[in-house]
Amino acid sequence: MKKLAAGNWKMNGNRAALAEVAALLAAHPAPACEMLLCPPTTLLSQMAALAAGSALQVGGQDCHPKASGAHTGDISAVMLADAGASHVILGHSERRADHGESDALVLAKTEAAIAAGLIAVVCLGETEAQRDAGDTLAVIGAQLDGSVPATATSANLVLAYEPVWAIGTGRTPTLAQIAEVHAFLRARLTAHIGAEAAKTRLLYGGSVKPSNAAEIFAVPDVDGALVGGASLKAADFGAIVAALAAA
Ligand code: PGA
């Protein structure tokens, strides 16, 4: 499978930030890995237009489970696809925390995304208290079972392991801890969706940066990264893309 370097701009970036996309494409016109950026929805169409015909794919950061209707402020998966998105991030820990998103809601959103022809990037991860209590694998396993449709395939699903305590903190798990979780995810996903799990990309996310990317990408069952802060600057994200392409 081709590995995936995915960037999550979160609630960052205005039109001027699109200059970073142009710089990224100029520096990495044809990387040996897939490249995805998920900007705020306000920039989605413009970024998709910039990326048209290039190696860069564009995605949303959330969607509503319904295709349309009276849901003020929400965006549907159909609308993301119409705006040029190929992917959508779902169940990010910031949404689980800020908006109280449950596994059942993430499952409904994932089903909607897949029905709209998008690739769902479903996020899972333990809090620091859960890791300290020795509950990491139980928490992640339950999130996977509850958030991922049993009918998902490697063509419409990407999983991202993002320890909550590693997001935006500069702290990362040890390589052995990442390896343990990713091996567990591969096995649990196989139990959940079957043989497709072998081809499904498993991303690591949480304080990935140019200086730690190569060692993380060498960990077995790490098929790419979901990058927050370091995806905002073309030079940093480009260095991560290069490390993944070389892995
Ligand atoms: P970070 O965020 O790279 O800034 O830690 C990762 C994420 O939340 O996807």
Side-chain angles (χ1 to χ4, degrees), residues 3-13 17 20 24 33-41 43-44 47 56-63 80 85-99 101 106 109-110 113 118-128 130-131 136 139-140 143-144 147 157-175 177-178 181-182 185 201-217 219 222-244 247:
K3 301 193 172 183
L4 173 63
N8 173 10
W9 278 17
K10 309 190 180 184
M11 197 172 71
N12 296 295
E20 296 296 326
L24 178 71
C33 62
E34 289 193 18
M35 202 161 56
L36 167 70
L37 281 178
C38 299
T41 313
L43 295 178
L44 191 59
M47 193 184 281
L56 178 66
Q57 303 175 85
V58 175
Q61 299 177 9
D62 176 48
C63 70
L80 292 175
S86 55
H87 293 65
V88 59
I89 298 169
L90 294 170
H92 190 282
S93 62
E94 286 153 15
R95 292 210 60 88
R96 290 178 186 265
D98 292 357
H99 300 274
E101 291 197 4
V106 177
K109 292 180 173 198
T110 304
L118 297 177
I119 299 169
V121 181
V122 176
C123 303
L124 317 163
E126 83 286 3
T127 63
E128 186 157 36
Q130 288 165 335
R131 178 164 282 277
T136 297
V139 165
I140 293 167
Q143 287 177 335
L144 189 160
S147 311
L157 176 73
V158 173
L159 277 190
Y161 168 52
E162 298 206 305
V164 177
W165 52 272
I167 294 175
T169 59
R171 298 167 57 204
T172 52
T174 65
L175 300 177
Q177 286 171 329
I178 296 174
V181 171
H182 278 243
L185 281 179
R201 291 169 185 79
L202 306 181
L203 310 184
Y204 168 77
S207 296
V208 176
K209 42 190 190 248
S211 59
N212 62 17
E215 61 181 21
I216 291 173
F217 295 151
V219 174
V222 172
D223 308 313
L226 182 53
V227 184
S231 73
L232 293 166
K233 292 281 166 232
D236 288 347
F237 192 59
I240 292 166
V241 166
L244 187 59

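Note that ligands are numbered from 1 as they come in the structure, with each ligand's atoms numbered from 1 the same way. Only a predicted model underlies this, so the values are computations on that prediction, with no experimental measurement involved.
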Element-labelled atoms of ligand 1 that are located less than 4.0 Å from some non-hydrogen atom of [X]:
X: Glu162; value: 6 (C), 7 (C), 8 (O), 9 (O)
X: Asn8; value: 9 (O)
X: Ser207; value: 1 (P), 3 (O), 5 (O)
X: Gly228; value: 1 (P), 2 (O), 3 (O), 4 (O), 6 (C)
X: Ala166; value: 5 (O)

* Asked: Of all heavy-atom pairs between Thr172 and Gly206, which one has the smallest distance, and what is that distance?
  -> CG2-O, 3.4 Å
* Can you name the closest pair of heavy atoms from Trp165 and Glu126 and give their distance? ->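 Scanning both residues, the minimum pair turns out to be NE1-OE2, 3.0 Å.
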Work out whether the distance between some heavy atom of [X] and some atom of ligand 1 is less than 4.0 Å.
X: Ala230; value: no
X: Gly168; value: yes
X: Gly170; value: no

* Measure the CZ-OG1 distance between Arg96 and Thr127 for me, rounded to the nearest 0.5 Å. => 12.0 Å
* Asked: How about Gln61 and His92: does a side-chain donor come under 3.5 Å of a side-chain acceptor?
  -> no
Kindly say whether [Y] contributes a backbone atom to a donor-acceptor pair with the side chain of [X] at under 3.5 angstrom?
X: Ser231; Y: Gly228; answer: yes
X: Glu20; Y: Ala17; answer: no
X: Asp223; Y: Val158; answer: no

* Asked: Which of parallel (below 30°), tilted (30 to 60°) and perpendicular (above 60°) describes Tyr204 and His182?
  -> tilted
Short N/O distance, under 3.5 Å, between [X] and ligand 1?
X: Gly229; result: yes
X: Thr169; result: no
X: Lys10; result: yes

* To do: Check Ile167 against ligand 1 and report side chain, backbone, both or neither, counting heavy atoms closer than 4.0 Å.
  =>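 Looking at Ile167 and ligand 1, atoms from backbone and side chain both fall under 4.0 Å.
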* **Ser231, portion touching ligand 1 at heavy-atom distance under 4.0 Å** => neither
* **Under-4.0 Å salt bridge between Arg171 and Glu128** =>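 Result for this pair is yes, salt bridge flagged.
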